Amino acid sequence: MTSFFSSVLENRAPKVSVFLGALISLHCFSLISVRVSAQTSSVFACDTTKNPEVANYGFCNASLGTDARVADLVQRLTLQEKILFIVNSAGSVSRLGIPKYEWWSEALHGVSNVGPGTKFSSLVPGATSFPQVILTAASFNTSLFQAIGRVVSTEARAMYNVGLAGLTYWSPNINIFRDPRWGRGQETPGEDPLLSSKYGSSYVKGLQQSDEDDPSRLKVAACCKHYTAYDLDNWKGVDRYHFNAVVTQQDMDDTFQPPFKSCVIDGNVASVMCSYNQVNGKPTCADPDLLAGVIRGQWKLNGYIVSDCDSVDVFYNNQHYTKTPEEAAAKAILAGLDLNCGSFLGQHTEAAVKAGLLNELAIDKAVTNNFATLMRLGFFDGDPSKQLYGKLGPKDVCTPEHQELAREAARQGIVLLKNSAGSLPLSPTAIKTLAVIGPNANVTKTMIGNYEGIPCKYTTPLQGLTASVATTYLPGCSNVACGTAQVDDTKKIAASADATVLVMGIDQSLERESFDRVDLILPGQQPLLITEVAKAAKGPVILVIMSGGGFDISFAKNNNKITSILWVGYPGEAGGAAIADVIFGYYNPSGRLPMTWYPQSYVAKVPMTNMNMRPDPSNGYPGRTYRFYTGETIYTFGDGLSYSKFSHQLVKAPQIVSIPLEEDHVCRSSECKSVEAVEQSCKNLAFDIHLRVQNKGRYSGSHTVFLFSTPPSVHNSPQKHLLGFEKVSLTGKSMSLVRFKVDVCKDLSVVDELGSRKVALGQHVLHVGSLKHSLSVRI
């Protein structure tokens with residue numbers, strides 16, 4: 001549907017009157033509405049008013065607990081009927097009054113129509129489209145992550161009530177942005193396991209937490225994906241369907257798994273999706289250690305495990321992991337898979353049971369997990385209009401408050417990377433003419449990235465800037481590939497304008513699912529255009545980069561004529577308004593990079609297929625992400641400027657922490673570099689750090705306080721890692737006290753070579769801004 005829509009409305013905002021624009025969009029929506037079919041028919045499971053006999057079924061008795069209701073339902077079904085409920089397009093069982101249900105809906109950064117479970121129509125023509133996740137993550141604001149989740153779930157419920165959406169959303173994507181070339185890095189919260197964990201658990205809580213008294217009830221069901229060590233799509237002929245990620249146990253436990261663990265344990269997510277790739281020779285969707293062992297066994301998932309779409313088919317047909325399709329079906333179900341996105345299990349499970357590869361109890365277990373999730377969503381409670389969220393409808397989608405939150409999220413995420421004196425913020429009264437140049441200066445759809453829906457409306461960068469000052473606009477290139485730049489014309493408008501804004505970067509044509517980049521430079525003649533325009537410009541030159549991944553923009557960073565640089569991610573439906581808010585100083589930028597920006601030389605040295613996080617001096621491998629990377633950077637994780645200066649002062653922090661060990665512990669008699677982070681030594685072992693943060697400038701603004709630690713160099717530990725972050729809001733010249741509670745075993749531990757958590761003994765250095773504090777951990 002998105003391709004249909006974009007063919008009617010081009011990616012550039014049309015220069016038409018508002019009235020004509022409204023007519024075009026109404027025409028589009030009426031065309032689209034013809035193609036809409038409802039997610040839920042007017043048949044609702046356990047609707048006793050329309051179907052009185054269902055009142056006799058135990059599974060329709062709301063006074064029973066979920067487990068008892070599910071058990072009653074499962075024992076009523078034949079094997080063939082059970083198999084209808086282990087695929088995403090679940091069938092109906094009319095003899096029991098159960099309608100069909102489509103499990104696959106998406107809500108990465110707003111309700112999306114990418115999955116078949118959700119449609120837009122004339123009734124609900126669009127939904128609030130928030131910034132792509134990588135930009136929201138740059139806000140480092142956990143309450144914002146949760147607030148966005150709450151809005152998205154409200155709009156999802158509203159659409160469900162009018163038959164346009166499902167209740168199960170396969171979001172968020174919490175994979176680690178390990179390599180800057182990855183086409184899907186834009187969907188993730190970045191490269192840091194702690195930030196990814198906090199983002200995942202907060203967004204999940206926002207989506208799922210119900211206003212009912214019963215904490216097991218779900219507003220909608222979220223899903224953390226793609227489990228695990230999935231971060232390569234298609235690079236130089238290596239694709240995700242064939243890739244075997246070779247991962248050390250140490251990297252697995254200190255980089256790839258923490259976001260998923262937090263999603264299940266802290267977020268109480270209702271689902272985890274296994275990925276296409278293999279990990280150490282086994283397809284993740286067929287690995288009983290990863291699924292039944294870790295997700296369900298160790299982390300105690302309360303919900304269902306779903307495959308990425310067709311990944312069971314992929315490990316049979318593409319990876320040739322089993323000899324027969326029946327074996328593939330059996331392996332997946334026995335590993336702990338409950339639901340297959342695709343039709344593979346629908347086609348081959350019955351034959352697997354008949355061949356003795358699987359018994360029916362394993363299928364009972366899978367459908368039990370699926371039905372329990374639907375029970376918690378109220379799917380088996382009759383007509384949704386009579387339930388808690390039953391009054392929500394079209395009026396609750398795209399409300400002014402929701403749209404304002406999309407603008408606020410973009411403002412909070414935008415990162416100011418460079419700012420020479422006298423450049424930003426621009427004065428809207430002093431600037432009489434503004435030159436606006438670049439292939440992304442007047443785009444619409446580019447701003448919402450992928451896994452998108454249809455937004456409520458768009459404000460392009462040009463529209464946002466033109467709302468404050470008079471502008472002259474030229475795209476400079478016909479698209480982001482920028483085969484030929486209009487250098488002379490753009491130089492002319494920059495030479496006569498009081499200031500110039502260049503909106504450059506890329507879009508989904510150059511980074512997306514199934515498409516990784518091969519280099520880190522701005523495409524085509526973009527660097528030439530930027531440099532020539534800057535040379536000719538009369539006033540300040542502001543370079544705006546719109547992208548998911550980072551770039552080697554050292555040419556611009558080191559060019560004195562380019563006075564400011566902003567990274568704006570893919571900033572969502574209100575992106576243009578947010579960009580203007582920052583440029584004109586209506587909003588003081590506070591975003592910080594959630595990923596490292598590497599030089600172009602990095603991609604020559606580092607194959608995308610090398611999963612190792614840690615550097616290897618023996619072959620010159622430089623490692624990955626700020627935690628381990630030893631080479632030069634263009635910008636690093638956590639970089640970002642403000643229009644204010646903030647200072648930090650340490651008020652309280654211990655100098656020594658002692659770990660209690662039993663008398664006969666081996667480390668009492670022999671020298672140990674680390675001790676196991678076990679419960680008896682760890683109980684209540686925590687301390688507080690208090691900091692005074694001051695805004696020394698005249699502008700009010702928010703500031704992210706990062707607490708990093710450099711552990712002793714044992715077990716190949718990170719050179720630095722994030723222990724915590726807090727976003728504080730300070731008026732000009734004011735100060736505030738920020739407190740961090742440090743859990744010694746959780747925060748000061750490192751993962752050893754075998755994947756065990758150990759507390760490193762010796763000197764730990766805590767960093768906040770330019771402050772450093774030494775802390776001795778001993779026994």
Side-chain angles (χ1 to χ4, degrees), residues 1-2 5-6 8-9 13 18-19 21-33 35-36 38-39 105-115 117-133 135-136 144 146-167 169 171 203 206-207 219-220 389-412 443-449 451-460 463-464 467 570-578 581:
M1 192 163 294
T2 44
F5 189 63
S6 54
V8 181
L9 275 186
V18 174
F19 175 67
L23 272 181
I24 290 172
S25 45
L26 278 173
H27 173 60
C28 292
F29 288 136
S30 65
L31 283 174
I32 287 167
S33 65
R35 300 164 56 166
V36 167
Q39 155 74 29
S105 289
E106 302 276 356
L108 183 68
H109 51 101
V111 179
S112 163
N113 55 346
V114 167
T118 302
K119 308 277 190 296
F120 292 104
S121 76
S122 53
L123 201 54
V124 181
T128 309
S129 194
F130 290 91
Q132 184 58 292
V133 176
L135 188 73
T136 297
L144 175 67
Q146 194 160 343
I148 293 172
R150 271 199 301 275
V151 165
V152 174
S153 57
T154 295
E155 295 195 350
R157 270 283 174 179
M159 289 175 69
Y160 172 73
N161 288 344
V162 292
L164 291 172
L167 294 170
Y169 289 83
S171 308
Y203 187 61
L207 287 174
K219 189 176 175 190
V220 302
Y389 297 107
K391 300 288 173 278
L392 294 173
K395 68 181 189 317
D396 302 292
V397 183
C398 285
T399 65
E401 297 77 18
H402 293 179
Q403 295 192 60
E404 183 52 38
L405 185 65
R407 181 172 179 169
E408 176 62 21
R411 282 194 289 241
Q412 288 198 28
V443 291
T444 51
K445 199 162 178 299
T446 295
M447 296 195 299
I448 59 175
Y451 281 84
E452 77 289 7
I454 296 172
C456 313
K457 61 168 195 253
Y458 287 109
T459 305
T460 74
Q463 289 167 340
Y570 293 120
E573 63 169 46
D581 290 339

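For the numbers below, each heavy atom of this structure counts, side chains included, while hydrogens, waters and symmetry mates do not. All figures in this text were calculated on a predicted structure; none of them were measured in a lab. Numbering starts at 1 and runs along the sequence shown.
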> How many angstroms lie between CD in E408 and CG in D581, if you round to the nearest 0.5 Å?
Replying inline: 9.0 Å
>> For A574, give me all partners under side-chain contact (heavy atoms from CB on, under 4.5 Å), at least two apart in sequence or on another chain.
In response: R407
>> Using side-chain heavy atoms (C-beta onward) and a distance below 4.5 Å, is Y570 in contact with I448?
In response: no
>> Nearest 0.5 Å, please: how far is CD1 in I148 from OG1 in T128?
In response: 10.5 Å
> Is there a side chain to side chain contact (heavy atoms under 4.5 Å, CB included) between L207 and K219 once you walk through the steps?
Replying inline: CA-CA 7 Å; L207 287 174; K219 189 176 175 190; over 6 Å; no
> Among V124, V111, N113, which one satisfies side-chain contact (heavy atoms from CB on, under 4.5 Å) with I454?
Replying inline: N113
>> On a heavy-atom basis, which atom in V220 and which in A156 lie closest, and how many Å separate them?
In response: CG1-CB, 4.1 Å
> Within the side chain of E155, is there an N or O that forms a donor-acceptor pair under 3.5 Å with the backbone of G110?
Replying inline: no
> Taking only residues two or more places apart in sequence or in another chain, which ones pass side-chain hydrogen bond (donor to acceptor under 3.5 Å, both in side chains) with T459?
Replying inline: none
> Would T136 and Q412 count as a side chain to side chain contact (heavy atoms under 4.5 Å, CB included) if you check the C-alpha gap in whole Å, the side-chain angles of each, and the deciding distance to 0.1 Å?
Replying inline: CA-CA 7 Å; T136 297; Q412 288 198 28; over 6 Å; no
>> Nearest 0.5 Å, please: how far is CD in E573 from SG in C456?
In response: 4.0 Å
>> Just so I know, are the side chains of K445 and Y458 near enough to count as touching, which here means a heavy-atom distance under 4.5 Å?
In response: yes
> Can you find a heavy atom in the side chain of F130 that is under 4.5 Å from one in the side chain of V151?
Replying inline: yes
> Run the side chain to side chain contact (heavy atoms under 4.5 Å, CB included) check on Y389 and T154 step by step: do they pass?
Replying inline: CA-CA 8 Å; Y389 297 107; T154 295; over 6 Å; no
> Which is it for M159 and L123 under the side chain to side chain contact (heavy atoms under 4.5 Å, CB included) test, yes or no, and what are the steps along the way?
Replying inline: CA-CA 9 Å; M159 289 175 69; L123 201 54; over 6 Å; no
>> Less than 4.5 Å apart, side chain to side chain, heavy atoms only: is that true for T460 and T444?
In response: yes
